[in-house]
Amino acid sequence: MSERRSTKRMKRERALVTSAASGLGRLLCRRLHRSLDVIAVDTRPFPDRPKDVEHHQFDLRRKAATQLLKKKRADVVVHISSIHLAPASGRASSRLVEATVQMLKLVEQTGARKLVLVSSATLYGPSATSASFLSEEAPLLGAGAVPDLADAISIDMMVQSFFWKRPETETVILRPVHVVGPHLDNLATRYLKAPRAPTLLGFDPMIQIVHEEDVVDAVQRASAPGVRGVFNVVGQSQAPLSRLLAARGTAALPVPGPLLKAALSRASSWRLTPIDAGELAFLRYSFLVDGQRAVDELGFEPQRSLRETLADLS
């Protein structure tokens, strides 16, 4: 009996998680290690990882890194896009584009059965003329309004190309809306947690957010055999920005657009803020996506209500 159990443990699949020391990466490793043997990769340390998670602190672009990972031969690769890293790291997101090229080569050479990219629905971009709810077929036009999204769009499009180039690998692209949670250090979370938040005078866009744990749920479902495709990941509902801030007890500070843009541009040039003035477009226009495909094909249902998601930020 004990011999059978040990054999069963040895046959567990192996998962590789990139950017594993990021807030979202840590959550993914802690969830996936329950059913998979997890290899965490990041240039940063990951001291509080589960004991059975194997961590390698190196750059995926290095030859020594790819050679080691070839020997590990992961069955499932979860690649976290640059948009989910802390704002300071996002400045160097072009490095992650190069790392993505190496990661795709690694997946092809090792014959991994599954590739999951955690991208973002914000890549569609806010627009005054966009449809009410954008589907997965909508073009990724976010860089037009927010130039900092260009690298994340490049990563998404590279993985889309890989989807068609290598059909034997089950490739999944997840595009969650604004991800927030107590373990994240991204722009949306910091904005909602602030005691005071600037808004654009005269604008109150509809906003969609999703809890960090719901995104982890979606990744876990996407890792299952037989799943492939592109999926928007949304929370249970949406609300005007004013209602989100009121629910958080955050004081809204309405500022005329030109003044706020000038202030952000100056602060950014002095490295006093990670917020780019282009990101004001998300405070101007409603930005909504359709998550029905994830419900129908992934069986994904967000478990945290909008109220619960906001309360968990405290």
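We use all heavy atoms of the structure for the numbers below, so side chains are in, but hydrogens, waters and symmetry mates are not. If you read the sequence from its start, that first residue is 1, and numbering goes on from there. Not measured: the values here are computed from a predicted model.
Rounded to the nearest 0.5 angstrom, Leu117 CG and Arg175 CZ are separated by 8.5 Å. Atom CE of Met103 and atom CG of Leu115 lie 5.0 Å apart (nearest 0.5 Å). Put simply, CG on Asp37 and CG on Leu32 are 11.5 Å apart, with the number rounded to the nearest 0.5 Å. We find the CZ-CD distance between Arg228 and Glu297 to be 12.0 Å, quoted to the nearest 0.5 Å. The distance from the CD atom of Gln67 to the NZ atom of Lys70 is 6.5 Å, given to the nearest 0.5 Å. Taking CG of Leu192 as the start and OG1 of Thr309 as the end, the distance is 10.5 Å to the nearest 0.5 Å.
The closest side-chain heavy-atom distance from Leu149 to Ile83 is below 4.5 Å. By the 4.5 Å heavy-atom criterion applied to side chains, Phe282 and His178 are counted as neighbours. By the 4.5 Å heavy-atom criterion applied to side chains, Glu13 and Leu36 are counted as neighbours. At a threshold of 4.5 Å between non-hydrogen side-chain atoms, the residues Cys29 and His55 do not count as touching. Between Val227 and Arg221 there is no side-chain heavy-atom pair separated by less than 4.5 Å. The shortest side-chain heavy-atom distance between Ile173 and Phe162 does not fall under the 4.5 Å cut-off. Here the side chains of Pro225 and Arg113 are in contact, with some heavy-atom distance below 4.5 Å. Counting only heavy atoms from C-beta outward, the side chains of Leu313 and Arg248 approach each other to under 4.5 Å.
Proximity of a side-chain donor or acceptor of Gln236 to a complementary backbone N or O of Leu306 within less than 3.5 Å is not detected. Arg293 places no side-chain N or O within 3.5 Å of a backbone atom of Phe231 that could act as its donor or acceptor partner. For the pair Tyr191 (side chain) and Pro198 (backbone), a donor-acceptor distance under 3.5 Å is present. Between the side chain of Gln208 and the main chain of Gln238, no donor-acceptor pair closer than 3.5 Å is present. A donor-acceptor pair under 3.5 Å is absent between the side-chain atoms of Glu301 and the main chain of Gly299, judged by distance alone. In terms of modelled atom types and a separation under 3.5 Å, the side chain of Ser81 and the main chain of Ser119 share no donor-acceptor contact.
There is a path of hydrophobic side-chain contacts, each under 4.5 Å, that joins Val215 to Leu298. Under a hydrophobic clustering in which Ile, Leu, Val, Met, Phe, Trp and Tyr are joined whenever their side-chain heavy atoms come within less than 4.5 Å, directly or via other members, Leu140 and Tyr285 fall into different clusters. Under a hydrophobic-cluster definition in which Ile, Leu, Val, Met, Phe, Trp and Tyr are linked whenever side-chain heavy atoms come within less than 4.5 Å, directly or via other members, Tyr124 and Phe163 are assigned to different clusters. The hydrophobic cluster containing Val116 also contains Met157, counting ILVMFWY residues as joined when their side-chain heavy atoms lie under 4.5 angstrom apart, directly or transitively. Both Ile80 and Val216 are part of a single hydrophobic cluster, where members link through side-chain heavy atoms under 4.5 Å apart.
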Practice item. Could you please spell out the steps behind the side-chain contact (heavy atoms from CB on, under 4.5 Å) verdict for His56 and Leu68? Key: CA-CA 10 Å; His56 295 280; Leu68 174 62; 3.4 Å; yes
Review point. Between Ser82 and Asp151, is a side chain to side chain donor-acceptor pair (under 3.5 Å) present by the stated rule, with each step listed?
Key: CA-CA 8 Å; Ser82 57; Asp151 289 332; over 6 Å; no
Exercise for review: Decide side-chain contact (heavy atoms from CB on, under 4.5 Å) for Arg31 and Val219; before the verdict, give the C-alpha distance in whole Å, the side-chain angles of both, and the deciding distance to 0.1 Å.
Suggested key: CA-CA 10 Å; Arg31 176 73 66 85; Val219 174; over 6 Å; no
Point to revise | Residue pair Phe300, Leu174: steps toward the side-chain contact (heavy atoms from CB on, under 4.5 Å) verdict | key: CA-CA 12 Å; Phe300 167 76; Leu174 298 178; over 6 Å; no
Practice item. Before giving the answer on side-chain contact (heavy atoms from CB on, under 4.5 Å), spell out for Asp48 and Arg30 the whole-Å C-alpha distance, their side-chain angles and the decisive distance to 0.1 Å. Key: CA-CA 10 Å; Asp48 57 340; Arg30 290 175 184 135; 2.7 Å; yes
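Shortest non-hydrogen contact noted between Ala20 and Asp42 is N-OD2, 3.2 Å. In terms of heavy atoms, Thr100 sits closest to His79 at OG1-NE2, 2.8 Å. Nearest heavy-atom pair, His84 versus Val118, reported as atom, atom and distance to 0.1 Å: CD2-O, 3.3 Å. Between Ala294 and Asn232, the shortest heavy-atom distance links the atoms CB-O, 3.4 Å. Closest non-hydrogen pair, Thr199 versus Pro254, comes out as OG1-CA, 3.3 Å. Between Asp59 and Thr43 the shortest heavy-atom distance is CA-CG2, 3.8 Å.
Looking at Thr169 and Thr171, their side chains never bring a donor and an acceptor atom within 3.5 Å of each other.
At a threshold of 4.0 Å, the pair Lys114-Asp75 does not count as salt-bridged, since none of the basic side-chain nitrogens sits closer than that to a carboxylate oxygen. One finds no salt bridge joining Glu212 and Arg26 here, because no Lys/Arg side-chain nitrogen approaches an Asp/Glu carboxylate oxygen to under 4.0 Å. For Lys72 and Glu54, the salt-bridge test passes: some basic side-chain N is under 4.0 Å from an acidic carboxylate O. Ionic pairing of Asp217 and Arg304 is present here: one or more N-O contacts between side-chain nitrogen and carboxylate oxygen are shorter than 4.0 angstrom.
The number of heavy atoms from other shown groups lying within 6.0 Å of CZ (Arg166) is above 12.
The stretch residues 191-210 participates, sequence neighbours left out, in no salt bridge (Lys or Arg N to Asp or Glu O under 4.0 Å) pair at all.
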